[in-house]
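Residue numbers begin at 1 in each chain, while the letters A, B, ... track the order of the sequences. Everything numeric in this text was worked out from a predicted model, so none of it was measured.
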Amino acid sequence: MTQPVSPPRGSTDKVPQVPLPAWRGLVARADVRTLSLLGVLAALIVIGGVTKPDEFLDTRNLQLVLTQASVIGVVTVGMTFVITSGGIDLSVGAIVALASVWATTVATQEYGFGGILFTSVLVGLGCGLVNGLLIAYGGMVPFIATLAMLASARGLALQITDGKTQIVTVDGILDLGERDAYVLGVPPLVMVFAVVTIIGWLLLNRTTFGRRTVAVGGNAEAARLAGIDVRRQRLYLYLLSGLCCGIAAFLLIILSGSGQNTNGNLYELDAIAAAIIGGTLLSGGRGTITGSVLGVLIFTTITNIFALNNLQSDVQQIAKGAIIVAAVLVQRRTASTT
Amino acid sequence: MAPEPPLLSMSGITKSFPGVRALDGVDLDVQAGEVHCLLGQNGAGKSTLIKVLAGAHQPDGGTIRWRGEDVTLRSPIAAMRLGIATIYQELDLVEHLSVAENVHLGHEPTTAGFVVRGKAARASTAALLHRLGHPEIDPARLVGELSAAQQQIVSMARALSHDVRLIVMDEPSAALDPDEVDNLFRIVGDLTADGVAVVYISHRLEEIRRIGDRVTVLKDGRAVAGALPAKTTPTREVVALMTGRNVEYVFPERPVTDAPAAGKPLLEVRGLARDGEFEPLDLTLYPGEIVGLAGLVGSGRSEILETIYGARKATAGQVVVDGRALRPGSVRSAVRAGLGLAPEERKAQALLMLESVTRNVSVSSLSRFSRAGWIDRGAERDAARAATRELSLRPDNPSVPVRTLSGGNQQKAVLARWILRGCRVLLLDEPTRGVDVGARAELYAVVRRLADEGLGVLLVSSEVPEVLGLADRVLVLREGRVVHTAPARELDEHRVLDLVMEGSPAS
C-alpha cells in the first residue's frame, strides 16, 4: 500500500525519494517518545482493566479520570510553553487558588456566571503579568520571581477566605458539573481541556509565537541577535501561563462547587513533572504539548488505579517519583543516540 | 662536564582536530630560568601547543621530555604534579569564592583530610600575594569583586601555590595597564632568577624584546624558527617568519573599479564609541563594498561590530543606515534597517542547535511567512531552500538538524538567514573560525558575490591575510583605535602586522 509522493516543491533535479509504507510514515512522524508514552498509557489501562475490570473500565470512572485530568491539564499546557522557553513557573498552584477564591467571594458571585468566569481569568492574567514583568523587564530569575508569587498569592488567598470554604450558589456554574450537561458522554470540563490542548498545540507548532518561544528557550542570545524581542516574548509566556491558571481555576470551581485557599496545592510540581516526562526539555528549546497531555493522563490514571485498589497516597507518590526518574533516564538515552 | 638537559623538550608534536591539522610536528626546547617567547599568528597553533603542555589536550604524536625523561601528560593534574602551571588568557577563577579559596582550589590545606584550614590558606595566600608585589589584595575578598589585573595576579598566585618549575603565560599583558605590565615583568624576573622557566605568549614585540631570552615562531602548526635571540632579532625577520604561509587561500577577484564610493553610502558610523572598549570611530560603507577591520585580540574588533549592530549600547556616536539613525542598543532597530550579524561564536550566538536548517534560516523572517501569526510552512520551507541553495549549502536538504552540518555550512546557514531577510549590510565576525581550509575559499567567494549583488559587508578577522584578501578597504585597529586606513591592495601582511603590534606606521 504505497502512495505516489509528489516531489518537494523547488526540487527538480534530485533523486526521487522512495515512498514509505503509510504506517512507516506515521511512525516516523510520531516520534519514539510519544509512542512510548502511548505504550505506558496503554499498559496502565490494561493494568487497571485486569485489577478492577468492573470499576476501572466503567464509563463513569473514565469520565472521572478525564475530568480530574482537565484542571491540571490546562495548567500543564501553559507550563509547557514556559518550560520550552527555558523558564519555570512555580506559582501556578497558588494562582489557581487565588483565582478560585477571588472568583467565589460573595461579592463576585452577585455578578453570576459571567462574573465568576471573568474574575478567574482576570486574576490569572494579572498574576501572570506580574510574573512576566518581573522576569522579562525586572531581570529576575524565573525560579525566584514565581516562588515569590507562589508565597504571596497563597497568602492573599488565605486572607480573602480566612481559611473558610466559599460555597458557590450560582446555578449556571453548578449545572455544568452535573451529568445533564455532558455532551455525548463528554463532560464540559473535558471539552475545555480538549480545546485548550488543541489551541496550545497549534500555537506551539504552527505560529510565530511558538517559533519564538522555542528560539528563546533554545538559545536566548541567538534569538536576540536574530532580531527577536526576547523580553516581550517572555512577558507573553508568563501571561499565557497565568491565563491557563485562570481557566483551570474556573474548571476547579465547577468541579468542586466551591473556592478554597488550599486549591491547586502542589500543582506546580505535577505540571512540571507531566511536561518533563512528556519530553519537554527543562533546559528549554524543545517542547511538546502532546507529550505533556499524555504525561497528565498517565499521572491521573495511576492515581485512579491506586485509589480503586485501595492503595494509599504514599504509594502513589513513590510510583510517580519512579516514573519521573525512568522517563528522564529514557530521555537521556534517546538524546544521546540522536 | 656534560651540558644540562633542557627542562622541557617537546619534539615532533602533532595534533589534529576534525578538518584541521593544528600542530604539524612542533619542536620546543625550554631551559630552566629562561623566558621563552612563543610567537605566531592566530591559528598558528600556539594555544593548542600550550594546551598539550598543560595536559588539556593529548597529542597525536611526538615526544615530551621533562628534565631528560620521557613523560606523558595525561591530564592537567599530571602536568601540575610535574611543576607545569598555565595561566590562560581567559582566567579560570571561580568568582564567588574568595581569593584564598581560589588559590588553593583542589589542594586546600586541611586538618584530618577534609576540614579546610581557612586561616592557613589565607596566610599562605597573603605570602604569595606579597611576593607578587600585591600585598593590598585581601585573601578573604571574593574574586568577582577584583579588577581584571588583580584577577590576573590571583591566577598567578594560584600557579605559584604549586611547586612550579615552568609557568606558561598566555597573553598575560592583554588586560593590564602599563605600570601593571612593569610589575608583571618584575615578577617574571624574580621567577627566572629562582630558576623557574617561563613560556611567554604575546603579540607585542616590544614586550618580547624587554623580557624574552629566546623566541620560537610558529606558523601553520610548525615551529619555523626555534631559538632566535629575543633581544636582537630584527622585527622584519620575525614578521617574515610569521607570514609567508604554506597554505595559500584563493580569494575572489575584486571588482575593477577602485571607488564604489559613487552613489549614496549604505552605512555611516559617526563617532561611535564605547568607554573602555574602543575610541570614537568613523566609517562609511557603500553598496558593493567589503570593508575589513584588522586587529589583534583585545583591539576592539568584535566590540565595534556588536555595537554597530546594537547588541552593545554605544556610549557615544550614532549608526546611520540610508540616512536614518538607528536606535542605540537595539538589535531590532538594526535588523529592521537591514543589518545582519554573523557573530564570532556561531553556536552560542547564532544557531538554534536543536532545530533544523529551515528553522534556523527563517527565524529572522517569520513574519514574511505568516498571516496573523500563522506560519505557512510550505512557503517557509521553499524560501529557506532557495536561500540555502543560493549559497550551495550542503546537504541540500534544509530539514536536517543544523548541528549535523560542518562549520562552513553552519556559517552558510547563518548567512542564508540574512539573505532571506533581505539584509543589506552584513557584519561578519571571524567568518571562517572553525571552518576548514577547503571550505574557506568557497565562503570567500560567497561573500564577494553578495557584495557584487549590492550588499555592504563589514568584515572582522584576526587573520590578516583574510582581511587583505577579501576586503576592498582595511581599517587597522590597535587597542580600540584605528591606526591606519588604506585600500587593501596598498597594504601587505608585514605592514599590517607591524601596525597592529608596534602601533607605528613605520616598519
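Most heavy-atom pairs under 4.5 Å with chain A, from the set B:Val335, B:Leu339, B:Leu352: that is B:Leu352. If you tally non-hydrogen atom pairs under 4.5 Å between each of A:Gly227, A:Gly210, A:Gly218 and chain B, the highest count goes to A:Gly227.
Atom CZ of A:Phe143 is surrounded by 12 or fewer heavy atoms from other residues, nucleotides or ligands within 6.0 Å. The number of heavy-atom neighbours closer than 6.0 Å to CZ of B:Arg377, taken from other residues, nucleotides and ligands shown, is 12 or below. Within 6.0 Å of CZ in B:Arg368 there are more than 12 heavy atoms belonging to other residues, nucleotides or ligands. The number of heavy atoms from other shown groups lying within 6.0 Å of CZ (B:Arg327) does not exceed 12.
Contacts of B:Glu345 with chain A are absent, with no heavy-atom separation under 4.5 Å from either backbone or side chain. For B:Ala334, no part sits under 4.5 Å from any heavy atom of chain A, backbone or side chain. Heavy atoms closer than 4.5 Å to chain A are found in the side chain of B:Tyr309, but not in its backbone. For chain A, the nearby parts of B:Ala311 are the backbone and the side chain; heavy atoms of each come within less than 4.5 Å. Using a 4.5 Å cut-off between heavy atoms, A:Leu203 does not touch chain B at all. Only the side chain of B:Ser362 comes within less than 4.5 Å of a heavy atom of chain A; its backbone N, CA, C and O stay farther away. Within the 4.5 angstrom heavy-atom criterion, only side-chain atoms of B:Leu341, from C-beta onward, approach chain A.
Minimum heavy-atom separation, A:Ala215 to B:Val363: CB-CG2, 4.2 Å. Of all heavy-atom pairs spanning B:Gln349 and A:Leu225, the tightest one is O-CD1, 3.6 Å. Minimum interatomic distance between A:Arg224 and B:Val331 (heavy atoms only, all atoms of both residues): O-CG1, 3.2 Å.
A:Asn219 contributes a side-chain N or O that, together with a main-chain N or O of B:Lys347, makes up a donor-acceptor pair within less than 3.5 Å.
Here A:Arg211 contributes atom CZ and B:Ser370 contributes atom OG; the two are 9.5 Å apart, rounded to the nearest 0.5 Å. We find the CG-CD1 distance between A:Leu202 and B:Ile375 to be 11.5 Å, quoted to the nearest 0.5 Å.
Looking only at side-chain heavy atoms (C-beta outward), A:Glu221 and B:Pro343 stay at 4.5 Å or farther from each other.
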